[in-house]
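All chains are named by letter (A, B, ...) in the order of the sequence lines, taking the proteins before the strands, and each is independently numbered beginning at 1.
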Amino acid sequence: MKEKVLSILEEVCEDDIIRKEGDLNLFEEGLLDSLSLVQLLVMLEDEAGIVIAPSELNREDIATPDKLIAYVEERC
Amino acid sequence: MEFYGGLSFFLLLMLILIPAIILGIMEKNLRYYTLLASVIVIGMVFWDKPVSGFYLILYSIIELFLVKGYLYLRKRYGRKAWIYRSAVVLSIVPLLLCKVSEVQGLMQIRLFAFIGISYLTFRVIQIIIETYDGVITELKIIDFMNFLLFFPTFSCGPIDRSRRFEKDSLTPYKRSEYLDLVGDGLQKLLTGIVYKFVIAALIHRVLELVDADLNFISNLEYAYLYGFYMFFDFAGYSLMAVGTGAFFGIRVPMNFDRPFSSIDIKDFWNRWHITLSQWFRDFLFSRFVMLGFQKKWFKDRLYAAVLGFMINMTVMGIWHGLSIHYIIYGLYHGVLLGLTEIYQKKSKFYKKYKKKQWYRIISWFITLQLVMFGFLIFSGRIL
């Protein structure tokens, strides 16, 4: 699952830095914004079968690659 | 009487706040008193407008049934898109009737014409959408009514979120916490009074002196004066609403964050009427883009963003009222946001210099002119 989340995140952010730095703040670095966040949710649903509604999501919970992976793994 | 206007309102406000402060100091929960206070204040405001008052009561009953009905259906039948969409559409019908019957010469009577309906509708839609998402599974009648009718934010926001509001209203504040909150609230309330009744009123006086002839100089003067008037008037009102809310233990979100220091239009919408733009971001822009990605409508992300911004801001413009200058205002900001997005994603120049001081100053200056021109459109002076 970790690999899947990372590859989705890499595609959405268009940057492989997310693989190197697990505690990078995705919003502060401009790698995620409201648009790419939505794309991320859609891809998680399509490719990993995890349904997350935008209003459930607290940006703080998924602010870094590590946090996102933990969040997704908890949801499976 | 009107909200935050005239001596009688502020006298009533002082009277209404006293029991709240006593209850707060005694560390009692305030939610029942909050609802009572809202009913009294709204009752007094609508006292001499019985028709509006009737529509408000009718509206509240309809929306209560919709919200409770949809909660029941969601539990019973799960995530059914058509039920969800019907509930959203039905919840907007009163607002649509209001806005359409507002247009002159279209209808004989004005339907659902009462102050605050535009803002109440946001609250109801948010609840329905989050019920569909499965985040809201339960809502007591008292909590719904308290949120819907919360008098400090009744007429013009800030637009709070029901889960956040409910959490605050259930928080058992310690005496010292409550007093801190009230101290901060009082300061905001007083700042708001100065903003609205001193600074905005003063600017409005000057605004009336601007040459009625439409030429470059007079329009420039009007745009700037109107922009600053709008800010002090609305930020002043919002501060009063946030400040008043604090007395009831509610941390109403702030609506403005130094908007004239924005360095681009996206930045501006994170600083101007924040609760409105965040509402549109979360419940229109995101949802539209999500649907588009799922149905594969978009060639690429940039296209999705631009289309999303256009739709988002146009709806925001229409929401202000069905007048040509509001719609153009929405379109104008939609185009600006779209162009900004394209420029920031595509331009090497932008990526190279965006963090440089000189770039930020130029960008800020241009943004300010675009924003002020937007206000000129919004004011209706040139259309």
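Counted within 6.0 Å of CZ on B/R360, heavy atoms from surrounding residues, nucleotides or ligands total 12 or fewer; the atom is thus considered open. Annotation for B/W82: atom CH2 does not count as buried by contact number, only 12 or fewer foreign heavy atoms lying within 6.0 Å.
In this structure, B/M316 and B/M313 have side chains that are in contact, with non-hydrogen atoms separated by less than 4.5 Å. Residues B/W269 and B/H333 have side chains in contact (heavy-atom distance under 4.5 Å, counting atoms from C-beta outward). By the 4.5 Å heavy-atom criterion applied to side chains, A/L41 and A/P54 are counted as neighbours. Between A/D33 and A/S36 there is a side-chain heavy-atom pair separated by less than 4.5 Å.
At a cut-off of 3.5 Å, with distance as the only test, a side-chain donor of B/N255 or B/T275 sits close to an acceptor on the other residue. Residues B/D264 and B/T340 have side chains that never bring a donor and an acceptor to within less than 3.5 angstrom of each other.
Scanning residues 276-290 of chain B against chain A with a 4.5 Å heavy-atom cutoff picks out B/R281, B/F285, B/S286, B/R287, B/V289, B/M290, ordered by number. Residues of residues 18-31 of chain A lying under 4.5 angstrom from chain B, judged on non-hydrogen atoms, do not exist here.
For B/Y119 and B/W319, the distance between ring centers is under 6.0 angstrom.
Heavy-atom distances place no part of B/R161 under 4.5 Å from chain A, backbone and side chain included. Residue contact with chain B, scored on non-hydrogen atoms closer than 4.5 Å, is absent for A/L37.
Considering only heavy-atom pairs separated by less than 4.5 Å from chain A, the leading option among B/A305, B/G308, B/A304 is B/A305. When B/Q294, B/E130, B/R301 are compared by the number of non-hydrogen pairs under 4.5 Å with chain A, B/R301 comes out ahead.
Here A/R75 pairs with A/E56 in a salt bridge; the nearest charged N to carboxylate O distance falls below 4.0 Å. A/D46 has a carboxylate O that lies under 4.0 Å from a charged side-chain N of B/K296, or vice versa, which qualifies the two as a salt bridge.
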